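Below is one structure, written out as C-alpha cells; the observations come after it.
Chain letters run A, B, ... following the sequence lines, proteins first and then strands; every chain starts at 1. When reading the values below, keep in mind they use all heavy atoms of this one structure, side chains included, and skip hydrogens, waters and symmetry mates. Remember, predicted model here, so these are calculated numbers, not experimental data.
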Number of protein chains: 2
Amino acid sequence: MDKKTVTIKDIARMLGISKSTVSRALSGRSDIHPETKQKIMALANDLHYEPNALAINLKQQKTNTIGVIVPETVNRFFARAVGGIQKVSDMAGVNVMICQSNESYISEKNNLHSLVSSRVDGLIVSISSETDRTDHFKPIFERGIPIVFFDRICEDVHASQVYTDNYEIAFEGTEHLITRGYRRIAFVAGPQHLFNSRNRLLGYLDALKKHNLPVKESYIIHSHYGSGKVEEYTRYLMQLPQRPDAVFAINDYAAIEMMHIMKKNGLKIPEDVAFLGFNNEDMCRFVEPPLSSIDHPAHDMGAAAAEILINQMRHPDLKPESRIIKSRLVVRESSGARLVL
Amino acid sequence: MDKKTVTIKDIARMLGISKSTVSRALSGRSDIHPETKQKIMALANDLHYEPNALAINLKQQKTNTIGVIVPETVNRFFARAVGGIQKVSDMAGVNVMICQSNESYISEKNNLHSLVSSRVDGLIVSISSETDRTDHFKPIFERGIPIVFFDRICEDVHASQVYTDNYEIAFEGTEHLITRGYRRIAFVAGPQHLFNSRNRLLGYLDALKKHNLPVKESYIIHSHYGSGKVEEYTRYLMQLPQRPDAVFAINDYAAIEMMHIMKKNGLKIPEDVAFLGFNNEDMCRFVEPPLSSIDHPAHDMGAAAAEILINQMRHPDLKPESRIIKSRLVVRESSGARLVL
DNA sequence: TATTTTTTCGAGACCGTTCCCGGGAACGGT
DNA sequence: ACCGTTCCCGGGAACGGTCTCGAAAAAATA
C-alpha cells in the first residue's frame, strides 16, 4: 500500500524535475511550460495529492482561517450565527474553525489558546456566561490579532463588536406588555456580568418607570442560561402573594417551559399570565398559544461579524468597528390583550 | 509594539541559550536543569509565548485532531451529536474541527479536502442528504485515515459506522399506531438514497404487511430534509379522498408543522389524525398535544463515534467497527388511543 | 587522581511548502 | 556572430518547532 502521503517532492522525483517546478505548477503560477504543468497536474491527480496546509500556512505566516468561539451550538441562536459566519466566509474564500466553550470559562480559555496556537488570522467570539474577566483576550488582541465580539460582547477589550439594541428592545417589549394591560410584569434576567443581560434588565426597569409602575425585586429572577431551574422559578412566581400577570423571559426556552407549567396548573394564557420570550425560535409559532418573542437576528449578526473581521484581516490598520443590529418585537397570542383588568 | 509573534528562537536568543534547550523546557522533558527550565518558563510566560501548532504538527506528522463533517448544526440532532463528540474528545485530549456541509455535496467535498489538507488524524462524518456517491471518501480512507460514519452512513466505504436501529424502530412506531387503532397511516419519508430513510420506510412497510394493511403509494411522501414544503404536503394529505388517520414523519419539525396546520383546519389530534415524529426534540413536550416521537440518541451516537475513532487513531491496525445504538419510542398524547374506529 | 557515569546542553537535520535568485536555452534583432 | 530578452527551471534558505547525537561539565566511583 502507499500508506505514505504523497508530497511535492515525490512528484518531483517521479517526474525527474525539481520541487520548485512542481510547486509552481500546483500553485498556479505562470512562469512554467504548459506541457510540464499538464504532466504535473495529471500525476498529482492520479496520486490524490493533497497539499499540506500545515506546511503552507507555516511558510506563509498566515492561515486564511478565522477562529470562532461560541457557547454552544445546541443553542440555535448560536447555530444560526455560525451559519451566517460561514456564509460570508465561504464567499470570501476563508476557512472557519468552530469551537464551543460550553458556557465554561476554562474551556473558553482553552479554545482561545488552541486557536491562537493554530495561528488563525482572526477571531469571532461570543463569551461564555461564566466569563466575568477578560485577561485572556487582552494579550492576544494587543498582539495584533483582530477580534470581533458578537452578542455576548466583552466590554473592556477595545475590539470590534456586533450586538443588538438590547436596552431598546427590552424597553419596547416591556412597554408592549404594559400597553396591553399587564401591570405586574415579572422579568427572568440573565447573569448580570453580561452586557446583554444588564441592558435588557435596564430596558425593562426604565419602561416600568416611564409608566409609573413599581419595581418589585420579587418579580426579578436572576437565572443562568440553561440552568434547568425553570420549574423552580415557575413555582416561585406562582406562589407569590401578588402573582405576576406577565412574564418577560430572557429566552424562549424558559418562556415556553414556564408557560407550559402554568398552563398545567390551570392558568389561562394570556388572560391570567402573558408571556414574552427572547430569540424568536421556530417553535414559538407552534406552542399553544403562540409565543410572542424578540426576533434576534442571529444569522445577520454572524454575517456582520464575519464581514468586519475579514475586512480587518485584509486591512490590518483599520480601527475597531461597532455595529448594532436591530431586533424586532414579534407579537403573537401569548401577549394578547388582557381581558380582565 | 511587539507585533511579531514570539518564537522559541526569540526566547533562546534573549536567554543566550540554544533553541533545543528552550524546546526541552517548554515540552516538559526531563533532561534539563530545573533552574534553566524555571527561567525559560518565566520568560515564555512574560512574553505570552504561544507554541506554533503548525510547526509542531508538521514536524510530528500528526495533528492530534479529528475532523467532523455534519450537515448542519442548526439541526439540533447534529448539534447534540457534536456535543457528544467533543465530550469524549476533550476527555482524551484530542482536538476537534467542525465543518458543516449545509446538505450540499460540493460543500461536503470541499470540507473533506480542507480537513485532509489540514492533516487531521481521523474523520467523523454524517453525509449530506444530497450525497449519493462516495468517490470522495474512498481514496482518503484507503490512504489510511480512519473514518467513522454516523447516522447518515456511507454504505460502500468499508469504514466504521455508528447508526440506530432504523428499521426496527420504524417498525415499532408503525405498529404502535396500528395497535392504537389507526389504519390509514401516512409516512413522510426522506431521500431514498440515504440508508436511514430507506430502512425506516422498510420498517413502516413491513409493519403494515404484518398487520395485513394495504400499502398505498399515495400515503407515502418522499420529502427532503428541510425542504420547506411541509404546507404543500399537508394540504395534499388533507385533500385525499381517504384522508389518513395518522402520520409518521421523518422528523419532528415536519410532524409539528403538519400537526399545526391540520389543527388550524379543524382536525382533532389525535382523534382525527395521530402524529408520530422522529428525533424527540425538546419541543415535542411543549406542543399541543405533546408529540410522540422516536428518541434518537444523538449525544450517545456522537460519543460512540468519537470513541471508536480515537481508538483507531491510537491503534492503526484495528478493523473497522460497526455499532448500533438503540432508539426508543416515546409515547405522548399525539398518538393516543383512537376514540372512533 | 583517574575513570566512569550522569546531567545538561548545543549543533544541525528534518517536516512540506514557498519564494528569491540565478542560470541556461531559445530566439529575435543588429 | 554577438548580445539582450524572454521563458523555464533548479538550488537552497526559510517558516518554527522536534529530536537525535555527541560533547562538555559535573558528579560519582574506583
Side-chain angles (χ1 to χ4, degrees), chain A residues 2-41 43-44 47-65 113-114 116-121 143, chain B residues 2-41 43-44 47-65 113-114 116-121 143:
Chain A
D2 55 358
K3 279 280 184 184
K4 248 191 67 48
T5 63
V6 25
T7 76
I8 225 173
K9 216 189 322 186
D10 297 327
I11 298 180
R13 193 166 15 80
M14 295 173 75
L15 252 38
I17 57 182
S18 85
K19 64 196 171 81
S20 308
T21 307
V22 179
S23 170
R24 253 187 292 261
L26 259 21
S27 52
R29 262 188 304 283
S30 57
D31 54 345
I32 184 167
H33 194 85
E35 197 181 313
T36 318
K37 178 169 179 176
Q38 187 52 41
K39 270 197 293 204
I40 293 172
M41 297 301 264
L43 184 56
L47 298 177
H48 299 288
Y49 168 75
E50 299 268 2
N52 188 327
L54 300 172
I56 298 176
N57 293 336
L58 174 61
K59 173 67 198 183
Q60 313 261 352
Q61 293 288 75
K62 64 171 205 248
T63 54
N64 197 35
T65 87
H113 286 290
S114 160
V116 172
S117 192
S118 297
R119 295 297 187 263
V120 292
D121 295 336
R143 206 200 250 6
Chain B
D2 55 357
K3 280 278 187 186
K4 248 191 68 50
T5 63
V6 25
T7 76
I8 224 171
K9 216 188 322 186
D10 297 327
I11 297 180
R13 194 166 16 79
M14 295 173 76
L15 252 37
I17 56 181
S18 84
K19 66 194 172 86
S20 309
T21 307
V22 180
S23 170
R24 253 187 292 261
L26 259 21
S27 52
R29 263 189 303 283
S30 56
D31 54 344
I32 185 169
H33 193 86
E35 195 180 312
T36 318
K37 178 167 178 176
Q38 187 51 40
K39 271 197 292 204
I40 294 172
M41 298 301 265
L43 185 56
L47 298 177
H48 299 290
Y49 168 76
E50 299 268 2
N52 187 325
L54 300 170
I56 297 176
N57 292 335
L58 175 61
K59 171 67 196 184
Q60 313 264 339
Q61 294 288 74
K62 64 173 206 243
T63 53
N64 197 34
T65 89
H113 286 291
S114 159
V116 171
S117 192
S118 297
R119 296 296 188 261
V120 293
D121 295 335
R143 207 197 249 7

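Put simply, CD on B:Q60 is 9 Å from C1' on D:dG17, counting in whole angstrom units. In this structure, B:I8 places its CD1 atom 8 Å from C1' of D:dT18, rounding to the nearest Å. One interatomic measurement links the two molecules: NZ of B:K62 to P of C:dC14, which rounds to 21 Å at whole-angstrom precision. Atom NZ in B:K59 sits about 4 Å away from atom C1' in C:dC14, given to the nearest Å.
Residues of residues 31-39 of chain B that place a heavy atom closer than 4.0 Å to DNA chain C, in numerical order, are B:D31, B:I32, B:H33, B:P34, B:T36.
Nearest-nucleotide positions on DNA chain C place B:V22 closer to the 5' end than the other of B:V22 and B:R119.
Note on B:I17: only backbone sugar-phosphate atoms sit closer than 4.0 angstrom, heavy atoms only; bases stay farther off.
Taking side-chain N and O atoms only, B:K19 has no distance below 4.0 Å to OP1 or OP2 of C:dG12. Considering only side-chain N and O atoms, A:S18 lies under 4.0 angstrom from the phosphate OP1 or OP2 of D:dG10. Taking 4.0 angstrom as the limit, A:Q61 places a side-chain polar atom (N or O) nearer than this to OP1 or OP2 of D:dG16. For the OP1/OP2 pair of D:dG11 and a distance below 4.0 Å, the side-chain nitrogens and oxygens of A:S20 include no atom meeting the criterion.
You'll find that the side chain of B:R24 is closest to C:dC9, out of C:dG16, D:dG10, C:dC9.
Listed for the B:S117 side chain is a donor-acceptor partner under 3.5 Å among the backbone atoms of A:P51.
The bend of the helix from C:dT1-D:dA30 to C:dT30-D:dA1, defined by the angle between the axes of its first five and last five pairs, stands at 50° to the nearest 10°.
Checking each of B:I8, B:D10, B:T5 against B:Y49 for a side chain to side chain contact (heavy atoms under 4.5 Å, CB included) leaves exactly one that passes, namely B:I8.
Residues passing the side-chain hydrogen bond (donor to acceptor under 3.5 Å, both in side chains) test with A:S114, sequence neighbours excluded: none.
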